[in-house]
Amino acid sequence: QVQLVESGGRLVEAGGSLRLSCAASGLTVSRYTMGWFRQAPGKEREFVSVITWLGSNPYYANSVEGRFTLSRDNAKNTVYLQMNSLQPEDTAVYYCAATRALGIVRGSNAYDHWGQGTQVTVSS
């Protein structure tokens with residue numbers, strides 16, 4: 001049974017940093033395309049970042065490019081999202097997801113497995 005468990009979300013002041021973790025079981029993160037998404041209240045779920053199982057450089061949404069960094073620790077079977085210079089508009093529930101699809105997969109419908117999400121709140 002596949003499980004993705006996110007952690008690390010909390011309340012932080014604008015300009016601060018957080019590192020989210022996504023611990024996987026039942027799948028090997030190095031063999032999946034792993035993505036991060038977020039959903040703010042009243043808004044649709046949106047793509048944040050992705051890393052393919054081919055090991056290419058991570059790809060980011062324009063809104064987070066230069067501030068967020070996705071990384072993967074194969075030994076721990078975990079992916080991370082380092083978030084710097086956080087702004088109130090980054091407030092959302094952040095989700096980790098996995099797919100066997102190839103390439104830069106930005107559509108949430110392409111992902112087969114999802115975590116439960118972790119809340120990030122950025123105060124102004």
Side-chain angles (χ1 to χ4, degrees):
Q1 182 180 358
V2 173
Q3 276 194 315
L4 301 175
V5 180
E6 301 96 334
S7 61
R10 62 175 176 86
L11 174 65
V12 63
E13 291 185 351
S17 298
L18 284 177
R19 189 178 78 157
L20 305 183
S21 301
C22 171
S25 60
L27 63 79
T28 302
V29 297
S30 62
R31 298 178 182 175
Y32 278 75
T33 293
M34 301 297 297
W36 283 96
F37 290 78
R38 66 186 182 185
Q39 188 166 17
K43 295 187 177 181
E44 294 186 353
R45 190 169 298 187
E46 67 171 350
F47 166 79
V48 174
S49 182
V50 62
I51 185 168
T52 75
W53 59 267
L54 294 173
S56 61
N57 292 332
Y59 181 86
Y60 301 94
N62 290 338
S63 58
V64 307
E65 179 81 47
R67 300 188 298 124
F68 290 12
T69 302
L70 189 159
S71 61
R72 183 175 61 198
D73 186 330
N74 294 337
K76 294 183 178 180
N77 209 32
T78 299
V79 294
Y80 302 96
L81 186 68
Q82 177 67 42
M83 306 187 296
N84 299 329
S85 301
L86 284 163
Q87 299 301 316
E89 52 265 35
D90 295 316
T91 295
V93 177
Y94 283 71
Y95 297 91
C96 165
T99 177
R100 291 305 304 269
L102 297 174
I104 305 300
V105 186
R106 290 173 286 183
S108 59
N109 289 340
Y111 286 80
D112 305 305
H113 307 289
W114 291 85
Q116 82 289 348
T118 185
Q119 176 71 48
V120 172
T121 303
V122 184
S123 63
S124 57

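Numbering of residues begins at 1 and proceeds along the displayed sequence. Computed from heavy atoms alone, side chains included, the values below leave out hydrogens, waters and symmetry copies.
- For the residue pair Leu20 and Gly8, the shortest heavy atom distance occurs at CD2-C, 3.6 Å.
- Trp36 and Ser21 get closest at one heavy-atom pair: CH2-O, 3.8 Å.
- With a 4.5 Å cut-off between side-chain heavy atoms of Ile, Leu, Val, Met, Phe, Trp and Tyr, the cluster of Val105 takes in Phe37, Phe47, Val50, Tyr59, Val93, Tyr95, Ile104, Tyr111, Trp114.
- Interatomic distance, Leu18 CG to Leu11 CG, rounded to the nearest 0.5 Å: 9.0 Å.
- Scanning all heavy atoms of the two residues, the minimum distance from Pro58 to Ile51 falls at CG-CD1, 4.2 Å.
- When all heavy atoms of Ser124 and Ala14 are compared, the closest pair comes out as CA-CB, 4.3 Å.
- Considering SG of Cys22 and CG of Asp73, their distance stands at 12.5 Å, rounded to 0.5 Å.
- Residue pairs meeting the salt bridge (charged side-chain N to carboxylate O under 4.0 Å, His left out) criterion with at least one member in residues 22-38, sequence neighbours excluded, are Arg38-Glu46, Arg38-Asp90.
- Between Met83 and Val12 there is no side-chain heavy-atom pair separated by less than 4.5 Å.
- Crowding of Arg106 atom CZ: a count of heavy atoms from other residues, nucleotides or ligands under 6.0 Å not exceeding 12.
- Listed by first and then second residue, the side-chain hydrogen bond (donor to acceptor under 3.5 Å, both in side chains) pairs that reach into residues 78-89 are Ser17-Asn84, Gln82-Asn84, sequence neighbours excluded.
- When all heavy atoms are compared, the tightest approach of Thr91 to Val122 is OG1-N, 2.9 Å.
- Val2 meets the side chain to side chain contact (heavy atoms under 4.5 Å, CB included) test with Leu27, His113; sequence neighbours excluded.
- Each of Val79, Leu81, Val5 was scored for a side chain to side chain contact (heavy atoms under 4.5 Å, CB included) with Cys96, with one residue passing: Val79.
- The salt bridge (charged side-chain N to carboxylate O under 4.0 Å, His left out) contacts involving residues 5-21 comprise nothing, where partners must be two or more places apart or lie in separate chains.
- Residue Leu102 holds its CG atom at 5.0 Å from CH2 of Trp53, rounded to the nearest 0.5 Å.
- Contact record, Ala92 with Gln119: O-NE2, 3.5 Å, taken as the closest heavy-atom pair.
- By the side-chain hydrogen bond (donor to acceptor under 3.5 Å, both in side chains) test, Gln3 is found to be paired with no residue, residues two or more places apart in sequence or in another chain being considered.
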